[in-house]
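Encoded as structure tokens, the structure appears first; notes follow it.
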Amino acid sequence: PLALITALPIYITATTLNITGATTVGAVAAIDALDTDVTTLNMSGVTGASYILEDDGIALGDVNVDGLVNVIATLGDITATSVVTSDDNVTLQSVAAAISVGLINAGAGTATLTAATTINDAAVDTVTDITAAVVDLNAVNGIGETNALELAATTIDADTTGVAGGEHIDLSNVNANATELLNFSTAGATTNADITFAQSGGGALTVTSAITADGDITISVDDGNLT
């Protein structure tokens, strides 16, 4: 198997990049990440960690690996069509744009998404978008504000930092076990920036913190305790 690691950046330019059978891809330091300029990335058979630094935007078409996945897009959007790990962390960061999610499954790992604009479902549907033990969502202009996100998680953190107004958070979660909303917040103070969260599946819900500067907070549990 091939370990794609280097002390200098690797530049790969292509419409579609397929990576199969590697032990690791890139390394944790930014200079050691696999530097790409591709439209679509597919990965399979990778047994270790993967670190991707994309020069523009990127579509994660079919990523199914055994190690963690860390993708940074410096200029464009990230579209997570299908990203699956074997209970390892998924970390996506769009430095200058948005993230849209079709499917992310980190199992017992943590899914962390950070966007300079918005994080939304890639489609208007009720299909679970993100499965992980911990989901951490960070955006400026909204989370699920256009297309609500469906989660399956036990600990959830979500915050928007934009102050123009309308930076809503709209999430639902299906879990038979107890779930904690660790820190939900919207900062928009000039017009409403609402928080909407719905828990289903039978699990109890504990809200540690939910704060809006100017907006409504709507939290519901269909069959469990709310504290």
Side-chain angles (χ1 to χ4, degrees), residues 24-26 28 43-52 60 62-72 78-94 99-115 118-122 125-139 143-144 147-160 169-186 195-211 219-227:
T24 57
V25 178
V28 64
M43 300 175 64
S44 63
V46 179
T47 57
S50 299
Y51 296 90
I52 306 294
L60 304 176
D62 185 2
V63 175
N64 193 324
V65 296
D66 290 333
L68 68 83
V69 174
N70 186 304
V71 178
I72 299 173
I78 295 177
T79 300
T81 303
S82 179
V83 180
V84 179
T85 70
S86 298
D87 296 323
D88 288 292
N89 297 344
V90 174
T91 304
L92 308 180
Q93 180 182 6
S94 176
I99 298 175
S100 62
V101 181
L103 170 67
I104 295 173
N105 191 337
T110 297
T112 304
L113 281 63
T114 304
T118 59
I119 303 171
N120 280 297
D121 192 338
D125 57 30
T126 59
V127 177
T128 300
D129 302 301
I130 304 174
T131 300
V134 178
V135 173
D136 185 4
L137 305 173
N138 310 280
I143 298 171
N147 299 337
L149 286 160
E150 292 80 31
L151 313 178
T154 55
T155 303
I156 305 169
D157 191 308
D159 63 89
T160 60
I169 297 173
D170 191 350
L171 303 172
S172 63
N173 188 61
V174 178
N175 195 345
N177 299 313
T179 299
E180 179 182 12
L181 303 189
L182 189 61
N183 179 29
F184 271 41
S185 65
T186 61
I195 293 174
T196 303
F197 183 87
Q199 170 88 348
S200 62
L205 180 66
T206 299
V207 181
T208 300
S209 177
I211 301 171
I219 296 174
S220 63
V221 182
D222 75 342
D223 187 18
N225 295 328
L226 173 62
T227 56

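Everything numeric in this text was worked out from a predicted model, so none of it was measured.
Considering CG of Leu103 and OG of Ser82, their distance stands at 4.5 Å, rounded to 0.5 Å. Atom OG1 of Thr128 and atom CD1 of Ile104 lie 12.5 Å apart (nearest 0.5 Å). Atom CD of Gln199 sits about 11.5 Å away from atom CG of Leu171, to the nearest 0.5 Å. One distance of note links OG of Ser209 with CG of Leu182; it measures 8.0 Å at 0.5 Å rounding. The structure places CG of Asp121 at 13.5 Å from CD1 of Ile99, a figure rounded to the nearest 0.5 Å. Expressed to the nearest 0.5 Å, how far OG1 of Thr186 lies from CG of Asp159 amounts to 9.5 Å.
Within the 4.5 Å cutoff, the side chain of Leu149 has heavy atoms near those of the Ile143 side chain. In this structure, the side chains of Val83 and Val71 stay at 4.5 Å or more apart for every pair of heavy atoms. You'll find the side chain of Val134 stays beyond 4.5 Å of the side chain of Asn89, heavy atoms only. Ile130 is listed as a side-chain neighbour of Leu137, based on a closest heavy-atom distance under 4.5 Å. Counting heavy atoms from C-beta on, the side chains of Glu150 and Asp125 come closer than 4.5 Å.
Residues Asn147 and Asn120 approach most closely at N-OD1, 3.2 Å, considering heavy atoms. Shown here for Ile78 and Gln93, the closest heavy-atom pair between the two residues is CD1-O, 3.4 Å. The two residues Phe184 and Ile169 come nearest to each other via the heavy atoms CE2-CG2, 4.2 Å. The shortest heavy-atom contact between Thr206 and Thr227 is OG1-OG1, 3.2 Å. Closest approach of Gly102 and Ala122 over heavy atoms only: N-CB, 4.0 Å. Of all heavy-atom pairs between Thr154 and Ala133, the closest is OG1-O, 2.8 Å.
At least one donor-acceptor pair closer than 3.5 Å links the side chain of Asn173 to the backbone N or O of Ala153. In this structure a side-chain-to-backbone donor-acceptor pair under 3.5 Å is missing from Asp157 to Asp136.
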Would Thr112 and Asn138 satisfy side chain to side chain contact (heavy atoms under 4.5 Å, CB included), going step by step from the backbone distance to the final call? CA-CA 8 Å; Thr112 304; Asn138 310 280; 4.3 Å; yes

Before you tell me yes or no, could you show the steps for Ile156 and Thr179 under side chain to side chain contact (heavy atoms under 4.5 Å, CB included), namely the whole-Å CA-CA distance, both residues' side-chain angles and the distance that decides it to 0.1 Å? CA-CA 8 Å; Ile156 305 169; Thr179 299; 4.1 Å; yes

For the pair Ile52 and Val25, evaluate side chain to side chain contact (heavy atoms under 4.5 Å, CB included) and give the outcome as yes or no after the intermediate values. CA-CA 8 Å; Ile52 306 294; Val25 178; 3.9 Å; yes

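For the side chain to side chain contact (heavy atoms under 4.5 Å, CB included) criterion with Leu205, the lone passing option out of Leu181, Asn175, Asp222 is Leu181. Evaluated for a side chain to side chain contact (heavy atoms under 4.5 Å, CB included) with Val90, the options Thr85, Leu60, Val63 yield exactly one hit, Thr85.
With no hydrogens or angles considered, no side-chain donor-acceptor pair links Asp66 and Thr47 at under 3.5 Å.
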